[in-house]
**Q** 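Mind looking over this structure? Questions follow.
If you read the sequence from its start, that first residue is 1, and numbering goes on from there. Heavy atoms only: backbone and side chains are in, while hydrogens, waters and symmetry mates are out.
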Amino acid sequence: MAWLHPLSLNTEDQKSFREVLMGFEADLSLYRLEEHALSKHAVKLHQRTDGYFKALAYVVSTAAVIAIRSGSGSGSGSGSGSENITLKEIDAATAQLG
């Protein structure tokens, strides 16, 4: 299913966008993804993607790759094997959004 119109995040309908984020959270196969890792950043994610599903999918998948790469490394970072999406990964993924 492709959405051509952005998902809203307003007082009348906050549920749809948050449900999409919870769907992503359920499907991500990250080692230690915190509960509500994405949905707690719903407002920021909506602002940065304007609610467009394609942009949101790109940011979430890119943030997951960043989390895997930074979490599986043996150097500095948030800890080896953490594989969690935080605002840091969302910021980095959003910066790559053209």
**Q** Would you name the heavy atoms of Asn84 and Ala67 that are closest together and state the gap between them?
**A** O-CB, 3.3 Å
**Q** In terms of hydrophobic clustering (I, L, V, M, F, W, Y; side-chain heavy atoms under 4.5 Å; direct or indirect links), are Leu21 and Leu33 co-clustered?
**A** yes
**Q** Looking at every heavy atom in both Tyr31 and Glu83, which two are closest together, and how far apart are they?
**A** N-OE1, 2.9 Å
**Q** For residues 56-63, which side-chain donor-acceptor pairs fall under 3.5 Å, sequence neighbours excluded?
**A**
unit_1	atom_1	unit_2	atom_2	d
Ser61	OG	Ala57	O	2.9
Ser61	OG	Tyr58	O	3.2
Thr62	OG1	Tyr58	O	2.8

**Q** If you measure from CE on Met22 to NE2 on His36, what distance do you get to the nearest 0.5 Å?
**A** 8.0 Å
**Q** Can you measure from CG (Leu38) to CD1 (Ile85) and round to the nearest 0.5 angstrom?
**A** 5.0 Å
**Q** Using every non-hydrogen atom in the two residues, find where Ser39 and Arg18 come nearest and quote the distance to one decimal.
**A** O-NH1, 3.4 Å
**Q** Would you say Phe17 ends up clustered with Leu87 if hydrophobic residues are merged whenever their side chains have heavy atoms under 4.5 Å apart, either directly or through other cluster members?
**A** yes
**Q** Pairs under 3.5 angstrom only: tabulate donor-acceptor contacts from the side chains of residues 90-98 to other protein residues two or more places apart or in another chain.
**A**
unit_1	atom_1	unit_2	atom_2	d
Asp91	OD1	Arg48	NH1	2.2
Asp91	OD1	Arg48	NH2	2.9
Thr94	OG1	Ile90	O	2.7

**Q** For the residue pair Phe53 and Phe24, does the interplanar ring angle fall in the parallel (under 30°), tilted (30 to 60°) or perpendicular (over 60°) class?
**A** parallel
**Q** Does the side chain of Glu89 pick up a donor-acceptor pair with the side chain of Thr86 at under 3.5 Å?
**A** yes
**Q** About how many Å separate CD of Glu25 and CG of Leu30, when rounded to the nearest 0.5 Å?
**A** 10.5 Å
